[in-house]
Every structure is written in structure tokens, then in C-alpha cells.
Amino acid sequence: MSTDAPEQADDGDAARDQEPSLEGGYDPEAVESRWQDRWVDEGVYAYDGDPDQDPNTTYAIDTPPPTVSGSLHMGHLYGSTLQDFAARFQRMHDGDVLFPFGYDDNGIASERLTEQELDIRHQDYERREFQERCREVCTEYEAEFTDKMQNLGTSIDWDNTYKTIEPRVQRISQLSFLDLYEKGREYRKKAPAIWCPECETAISQVEMEDDERGSHFNDIAFEIASEGTDRDEFVISTTRPELIPACVSVFVHPDDEDNQDLVGETARIPIFGHEVPIIEDDRVDMEKGSGVVMCCTFGDQNDIEWYQAHDLPLRVAIDESATMTDLAGDYEGMSTVEAREAIVEDLEDEGYLRDRWEISHAVQVHERCDTAVEYRVSKQWYVEILDHKDEYLEAGREMDWYPEKMFTRYRHWIEGLEWDWLISRQRDSGIPFPVWYCEACDNEIMAEKGDLPVDPLSDEPPVDVCPECGHDEFEPEEDVFDTWATSSLTPLINAGWDWDEASEAFTMDKPELYPFDLRPQGHDIISFWLFHTIVKCYEHTSEVPFDATLINGHVLDENREKMSKSRGNVVAPDEVLAEYPVDAVRFWAASAAVGDDFPYQEKDLRAGEKLLRKLWNASKLVDTLAPADPEEPDDLEAIDRWLLAELDDAVAELTDQLAEYEFAKARDRLRTFFWNTFCDDYLEIAKGREDNPSTQYALRTAHRTFLELWAPFLPHVTEEIWQAVYADDSTGDLETSSIHTRDWPDPQGYDADLEAGETAMEVISALRRYKSENQLPLNADLESVAVYGAVDGFADAIQNVMHVEELTVLEDQPEITTEVAAIDLDYSQVGPQYGEKVGEIDAGIESGEYEIDEDREARSASEGSSGDEPREGNVLRVAGEELEDDLFEVELERTYSGAGEMIETETAVVILE
RNA sequence: GGGUUGGUGGUCUAGUCUGGUUAUGACACCUCCUUGACAUGGAGGAGGCCGGCAGUUCAAAUCUGCCCCAACCCA
């Protein structure tokens, strides 16, 4: 598609240049791109709200910006299609919609790309300048991405876009930092932090993940240096012997009787010779190894806890690039891996290594580069979050979660937070902290809000001397923000959040948007992105940024396996769109319940294609049966009123379903009603009522409504048909003539005997079945048919569509002999009333040991009960009980004794002669 | 290791929160049919006892417990 797209425009294809018309078959290839171009060119989806607009009539989506330097994948396609269903429905239903788009090019992926493309190194540039290069390089990728997104036909407002690297967004990021700082929500602290030695930066807790790796357990003997116990030594087990130079203590569990004698003694570290105390602590895992463990600064999070709880010294044996420090003595300069082997060898030579065996265990690694993390003490910026956990939880509770179960995930995430959010990163590129430090007293000097964005590395601080100590030399902060610190601000970016100098307050350009109505997101990434966004925006605005969040599942391959490059099962949107219409792809995308993973399925795409064809062909038929805009007759005939009443029901139900993001249910409901009821039943009947004004009106009303109802799902084909048949294009203004800017249909309040309609459809099916079974063509004439059942007002329709020469509606039940076939109990009543007696009652009926007392026969013909309705006796006597007639129904086996053939349906009896 | 979700005819799935006894639809399969748009259409048929076990109940796909399997999140 990417290669076809550009030259499609100059194909000069006749169909493309043609005015919309129903001539011939539907040609999605020409039609879809034509409308995509026009929608964008003519700004059909432009958001033109004003700040005073009632927020309730504005529907705004906070779309998370994708990384644009990569390629469009099925996740993008699926996610944006779901958003588009909501956007298109809301635009028709409730007025103004903002469906914006963001390009995320503030990240390592874009930086690497820029370096490759321009053959430069970011180190050779000033930060600001390098970002300028990034913007230039990414512009091309953005254009390509935009093009591909537009080929999906989503109703994004392409005038409302932003890039996460642009100065306006940098300003918002820095404003966010200053605001939280002034609110006392941020602090800079020297503390142990999770560190990636490959990237040489601190990372936050959520950026690491577990990875199963092969390793060795090493049993190492430690000598006891003090005199208080009989033993000379004890053994610890460790996977990281290179950490023994960093060992600061040894721990024993208080319940560990075998090793209690060690507590209070001093251990000597082999090879290195330094002595450390042996302390008891209940965080020791007694099950592991000998039950005695060493504490190093730092091997893991437990070490950090011990370091803090027992006020242990800091021994740093590993530096920021995972190289051994001078504390490691002879091993200085080795990498941790080299040192591990060397130390193990030396331990063995000196007799301290008692055992060594292979194991496989979970190692915590940086999710970006898969490097095992270290823990280092360094000065970092943190956002304080642990003290507001309750508020964040409450905020999350105020939102609607689709699906609801995702709230549980949020709750567990909040409850499980153990560290404040570390937001500084030691990277060369990124959005800088707007901070300087006084060289003399380390006082923090914040930038002025009016000056943002600033880069302390190239800009001067806003003061000449330190307000604290009067010193005049400052050190710029070199760190940059964690990208999530920026990504978590998208609602503020979209709403135009800024600092207003005049009023000295934060303002929004589009306050009517905030809080946003919807935040969509894939379920894999919500803990990084969505959850942080809730927290950050809540801190800035004291309200939840979203009314609702829509969390979509993943697209799996046809075997329900996760798509991955290594598996080679990735399906590219380009390939799919080359083969199927976008509308068909959208039909498939609507098939899964929101939140569920679902497979890519060609059969659903083909089903979508068939639907487009059906809609097209049905439209052609409607066009031949009725003028485009017939008058509404004073009285609609029963069959036509029936259709419109059914349509009312469908409209009401679909409206609710779409408002609740139940796209799959809405899709199926609409398809069934359109295909089965409208096409198979009503259209067939309408063919025989061509000149009937009642039918003409119903046909056109239903057809217009169907196009409107399908529009959010199938925007291209509905637009084409709408423009061909109904649009008032005299103005030539697509913004007003497009089906996508019309009002969503309302139920019109048609009243009809839906049951009679249902019965009539049953009779028609019965006659079809009869013809089918007798191998007759469906348009074969039937001489005489009698119907016993409530089909008031539908007799003509039945007669016409089934080609019945003579149709009689019987007042009385036809001549039949009946015999009881079965008795159906209404268990919902019988159960609670008779309890365990039900078993006996069932047995009695089964064995025929019952009688029905019909003496006080209540049934009479005047009640209008149809022929198939079971006869009701007053009392069923069985198992010593008497059941009233509302507790059971008698199924009758009928035998027709008159002339002709009898067919029974649920609620009618049909006799063919 | 903890948590979440799911396991329904060959495939994908509705129904499960609010238990009621013939379990929904689509695709695939088989049979038949050119009805004034659509044979890429229409009519009909076969196919499941709802992951397993136990329990609660008059009644369980639906509630409870345990187990198995899968995915995801967290550690």
C-alpha cells in the first residue's frame, strides 16, 4: 500500500473521478481513497469548539502518540479503529469531537534514527540543536506515518497534532516539573536507585523486568574472626561472588536455631580480608542455601532495605558502567562478569569455594536493553507518590473503565508501589531539567516559567547570585526527564495547558476538553503510560484527566499466537489493506469485545466484504423501488409500521451499545437486523408493494437510517451511497453534506404489533421451507394457504411474497386431533414452590401418572389464543400435588385431519392445499 | 512465587455478574433453490452438554472449592 498510495492519485481511474453513483458494483479501491482524500482536504473532522462550549457536548479523546520512527502495525490499526468507532458515533450523536493525533519522537528510537540517517553523534551537538536535527529527520517519518494513518480512513483531525519533541511540549514538561516542585511533590535525593550499567542511567522500578537466566550458585566459606562461637567458619550461597568486596554484613534469621550462635560475631571476607558483623533479621530466606546470607551494597533490593534498617556502611565495588572499583583490589578494572570468574577461581585456589552448581533464576533487567540492573547510590530527582496512594486510588475509582476489570489492575499497581517515581535520567538527549545548583551551597535554582523551555547546559540561570548564600557560580543540571514524565502529560498537551504570566496561573487553551471523555490504550502498556498519566494530571489539576478509559486487547495471529518478528507471524496492515477494503478491516476490528485479545481472521474480512456488497446491492434495489424522498403517508400499513418499529428498537439498542463501547454487540445486532430482517424479510415483501406510498416511505426511512447506523463502522461505503442518493451537494460543502456530520438517528416512536409481525415472518419461513423441501423455486405459486394465528394486517404481505393465490386467515382452529406430547413445567415457579418435590413431579409426568383436570376449561376462542399455544387445563394432578395452570404448559401433538398439508410454527399453524 | 483474565460444536464467539432445564451467531461442511439488488445470493441439515473433579441447590455453562491448561500483569 505504501508503494501504491502515491501514484493512485494520478491513475486517472474513471471511477475515481466519477461522481458518487450506484451504477455497477461497489468498487472500494477507488471509492475509499477518494473519500479519504476529500475528508482530509475539506476538514470534515476539524474540531471547531470554542472555550465557552459546554463540555458536555464536546467529546474529546486523548490519543496516546505512537512512536513514528517505526512502522505501522496491527496494533495501531486496531487501536485507532476502535477510537474511530467512538469518535464517529459521538460526532453524530453528540456534536463536537476532538480526535487529535500525536507523534512521539522524543525517545531513544528517534535519536538513534537521527544519528544513523545523518551519520552524526548526538554528543557533538548541543542538546537543543540535536533535537532540532531529530525533528528534521522525524518529519519524513511522520509524513509517511500520517499517510498510512490516513489510509485507514479514521476521522482524526489532522489540524490538531503535536510532536513530543516540539518546544511547546518541552515547555509543558518543564512547567509540569516546576509546578510539582512548587507543590512540594518533588525532591532530589542521594539514594540507592535502580541503575542500568549499559545505558548508564538510573531507571525507575517500572522499567525493569524479570528475565530467566542461567547462572551458578556458589557456596563460599567465611571465617569467623571473633571468639564467641565454637565454629571456625560458615558457608553462604551466592550467585554473585563478585560482590563479596562490597559485603558489609552477614544476616541470620532470628528463628534459625542452627545458626543462632553466629549472631553478634564477626565474619572475615575471604580474599579481601575485611571484617563484617553478623546480624539477625527476619527478612532472611531460611530455605535458601545455608540460611546465612551476605549483604552487599548493593546486590538487590533486600540489601538496600538492610542498608537502611541497620545503618550499614556503603562499600561500592561496582561503578556506573559495571566495572570493578579500587575496592575490588586486584580485580579493579574488570567487568562484573570477568571479576565473577576470577574471584571464583581464586576462592577455589584458596579453598574457600565449597560447592558450585548451575541454576536458572530470574534476573532483573532493563526492559530496553536486557542488561541486568545494578543498584547504585546517586543523586536523583523523585516525584513523591507513595503518600498519595489513597487519592490516586480514589481518582481511578471515579473513572469508567472499559472493560471494568482493568480497574483491578490499576488498584494492584497503586497498592504495590514501593518507590517514589524516579524521573531523572542520565542521558545525553531528552528534555532537560530546568534547574541549576549553586556551586557553593547546592541550592536549587529553578528556571522562570516565562523562560521555558530552557536548557541549563546552554542557558543562563535566572539569577546572578545564589539567593541563599550569594555565591555567583552555578552548575547546570545535566539530567533529562524520563520520557514517561512527558508522555504522561498528553491530556494537558491536547488541552493547551500553559502558564499565564498575567494572571500567574495555569490555564488551558481548550478548557472545555478537560477532563477528556476517553483515553484509549493497549493493555500491555497501561502501567507505564495510562497510570502515570492519571497520577500526574491529578496532581496538576486535582481532577482525573479522563471520564473513561478504553483498554484494548492485542491482535493475535490466525492461530491465536502473539505476533512477533522472531516467530515470523507478523501480519502487516499494508498487506491486509492491499487485499481488503478498509471498511471490511473495520468490520473485523469491531468483532472483539473491548479488552479481549483476538485473532486476525481473513474470514471476518471476507464477511466484511460481503456485507459491503450486500449494503450496496440492497441500496440499488431500494433505489428502484421508491423515490428518494417520499412523503410520509397519514397511515402506514401494518407491515411498514412493523419494520419502522423494529428499526426503532434497533436504533435504541445500538445507541446504548455504542455509548458503552460495546462495538462487537452493536456490530452483530446491526448486521443481523439489516441482513435478516431488512434484506431477507422486508425487502422481499417490498418488491411486491412497489407503488405503495406506505412501503416507499418505510423503505427510504429505513435505508437512510441504516446508512447512518453503519456510518461509524463502514465510513467509506456509507458515504459513497449517501452522496450518491441523499446528500444535498448543491452547496458543495462536504462538511455539511457528509453522512459523518449528520445527527445520529433517534427512535421515531412507531407503534406496531411486533408479535403479529413475528408470527407473519414465521409463516413466511414455513412456506419457504415448504418450497425448499419440495424442491420448488421460491417464486413458485401456491394455490391456497390457510393460516391460523395472529397475523393481523400481514396477510397481504404473506400472500404477495410467497406467491399465494388464495390466502385465508382462519378464525378457528383447524380440524385437528390432538394428543398430549409433553408437559413443560415452568421451573422458575414450580422450583421455588415445590422444592425437592420437583423430582417426584418430574417422575410422575415422565411415567404418565398424572391427570389434567379440564373440567373447568378456561380456554375459549374469544381469547384469541393462536393455534399453537398449548391448551391450558386448570389443574395438573401429579405426585399428590395440584399445579395451577400458570405453572405448566401442555405440548400437543397435532394431527391434521382435513385436506392439504399442515405446517406448524412457534405461534401459528399453516395449511397448504 | 503472587495477581488478573479466559478455557463453550472443526474455527471464532454470545450467554456467566442478576442459576430455571430446547446453549447464540458467524465461518467451514452437507443437501436443495436463478425469487424483479446480491449464487460473493437464498432455504434447509448435520455438528457442542459448556477444561476436569467435588460441592451448594428442587435446578449450574452460570454460584463455591480444588486441580489442569493458556495468556497477560506484577515480583
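Throughout, protein chains are lettered first and strands after them, A, B, ... in sequence-line order, and every chain is numbered starting at 1.
- Spacing between B:rC63 and B:rG7 at atom P, rounded to whole Å, works out to 11 Å.
- Within 4.0 Å of A:Gly831, counting heavy atoms only, lies at least one base atom of the nucleic acid.
- In this structure, A:Lys837 reaches neither bases nor backbone, as no heavy-atom distance under 4.0 Å exists between it and the strands shown.
- Both A:Lys603 and A:Pro832 sit near RNA chain B, but only A:Pro832 has its closest nucleotide nearer the 5' end.
- Annotation: B:rG52 and B:rU8 have their C1' atoms spaced 15 Å apart (nearest Å).
- Between A:Glu836 atom CD and B:rU56 atom P the separation is 13 Å, expressed in whole Å.
- The nearest whole Å value for the distance from the CZ atom in A:Phe531 to the C1' atom in B:rU4 is 11 Å.
- Nucleic acid contact class of A:Trp675 (heavy atoms, under 4.0 Å, all strands): sugar-phosphate only.
- Looking at the side chain of A:Asn779, the nearest of the listed nucleotides B:rA14, B:rG36, B:rU5 is B:rG36.
- Comparing B:rC58, B:rA14, B:rA37 by their nearest atom to the side chain of A:Leu621 picks out B:rA37.
- By the 4.5 Å heavy-atom criterion applied to side chains, A:Glu32 and A:Pro581 are counted as neighbours.
- Of the two residues near RNA chain B, A:Lys771 and A:His554, the one whose nearest nucleotide lies more 5' is A:Lys771.
- With respect to A:Glu684 and A:Lys687, a salt bridge is recorded, a charged nitrogen being found less than 4.0 Å from a carboxylate O.
- In this structure, A:Arg689 places its CZ atom 18 Å from P of B:rG36, rounding to the nearest Å.
- Considering every non-hydrogen atom in both A:Trp401 and A:Leu530, the closest pair reads CZ3-CD2, 3.8 Å.
- Across B:rG51 and B:rG6, the matching P atoms stand 12 Å from one another, rounded to whole Å.
- For A:Lys405, the listed nucleotide lying nearest its side chain is B:rU5; candidates were B:rU5, B:rA43, B:rC58.
- In this model, the phosphate group of B:rG44 is approached by a side-chain N or O of A:Arg769 to a distance below 4.0 Å at OP1 or OP2.
- Taking atom C1' in both B:rU18 and B:rA61, one finds a spacing of 16 Å when rounded to whole Å.
- Remark: A:Lys610 is in phosphate contact with B:rC27, judged by side-chain N or O atoms under 4.0 Å from OP1 or OP2.
- B:rU13 and B:rC50 have their C1' atoms separated by 13 Å, given to the nearest Å.
- Residue A:Gly688 is in base contact, counting any heavy-atom pair closer than 4.0 Å across all strands shown.
- Within the nucleic acid shown, A:Asp623 has no heavy atom closer than 4.0 Å to any nucleic acid atom.
- Across B:rC38, B:rG44, B:rC58, the shortest atom-to-atom separation from the side chain of A:Val838 is found for B:rC58.
- Looking at heavy-atom distances under 4.0 Å, A:Glu609 makes no contact with the nucleic acid at all.
- A:Arg689 and A:Asp640 are joined by a salt bridge, as a carboxylate oxygen and a charged side-chain nitrogen come within less than 4.0 angstrom of each other.
- The side chain of A:Arg671 lies closest to B:rC27, out of B:rC27, B:rG20, B:rG36.
- The side chain of A:Gln601 lies closest to B:rC12 when the candidates are B:rA26, B:rC72, B:rC12.
- Counting all heavy atoms, side chain and backbone alike, A:Ala795 lies closest to A:Leu807 at O-CD2, 3.4 Å.
- The listed nucleotides are B:rC12, B:rC72, B:rG41; the one nearest the side chain of A:Lys614 is B:rG41.
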Checking side-chain hydrogen bond (donor to acceptor under 3.5 Å, both in side chains) for the pair A:His703/A:Asp623: CA distance, chi angles, key distance, verdict? CA-CA 10 Å; A:His703 184 243; A:Asp623 217 38; over 6 Å; no

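- Both tests do not hold together for A:Arg397 against A:Phe407: distance to the six-membered ring centre under 6.0 Å, angle to the ring axis within 45°.
- For A:Leu683, taking side-chain heavy atoms from C-beta onward, the closest of the listed nucleotides B:rA14, B:rC58, B:rA37 is B:rA37.
- Nucleotide B:rC29 forms a pair with B:rG45, judged by Watson-Crick or G-U wobble geometry with both contacts under 3.5 Å.
- Taking only side-chain atoms of A:Arg409, from C-beta outward, the nucleotide of B:rC73, B:rA43, B:rC12 with the closest atom is B:rC73.
- Rounded to the nearest Å, the gap between the C1' atom of B:rG48 and that of B:rU56 is 26 Å.
- Comparing B:rG15 with B:rC53, their C1' atoms are spaced 24 Å from each other, to the whole Å.
- With a cut-off of 3.5 Å on both pairing distances, the Watson-Crick or G-U wobble partner of B:rA70 is B:rU5.
- Atom-to-atom, CG of A:Leu767 to C1' of B:rG42 comes out at 15 Å; the value is rounded to the nearest Å.
- Checked against B:rC38, B:rC12, B:rG36, the side chain of A:Glu690 finds its nearest nucleotide in B:rG36.
- Here the closest heavy-atom approach between residue A:Arg700 and residue A:Pro627 is recorded as NE-O, 3.0 Å.
- A:Arg667 has no side-chain polar atom (N or O) that falls below the 4.0 Å cut-off from OP1 or OP2 of B:rA14.
- Using Watson-Crick or G-U wobble geometry with both donor-acceptor distances under 3.5 Å, B:rU64 finds its partner in B:rA54.
- With a cut-off of 3.5 Å on both pairing distances, B:rU35 has no Watson-Crick or G-U wobble partner at all.
- Residue A:Arg606 is out of contact with every strand shown, counting any heavy-atom pair closer than 4.0 Å.
- For B:rG19, there is no paired base (Watson-Crick or G-U wobble, both distances below 3.5 Å).
- In this structure, A:Ala607 reaches neither bases nor backbone, as no heavy-atom distance under 4.0 Å exists between it and the strands shown.
- Nucleic acid contact for A:Lys687: base, since at least one base atom lies under 4.0 Å from a heavy atom of the residue.
- Nucleotides B:rG19 and B:rA37 are separated by 47 Å at their C1' atoms, to the nearest Å.
- Nucleotide B:rG25 holds its P atom 20 Å from the CZ atom of A:Phe674, rounded to whole Å.
- For A:Tyr580 and A:Trp588, the distance between ring centers is not under 6.0 angstrom.
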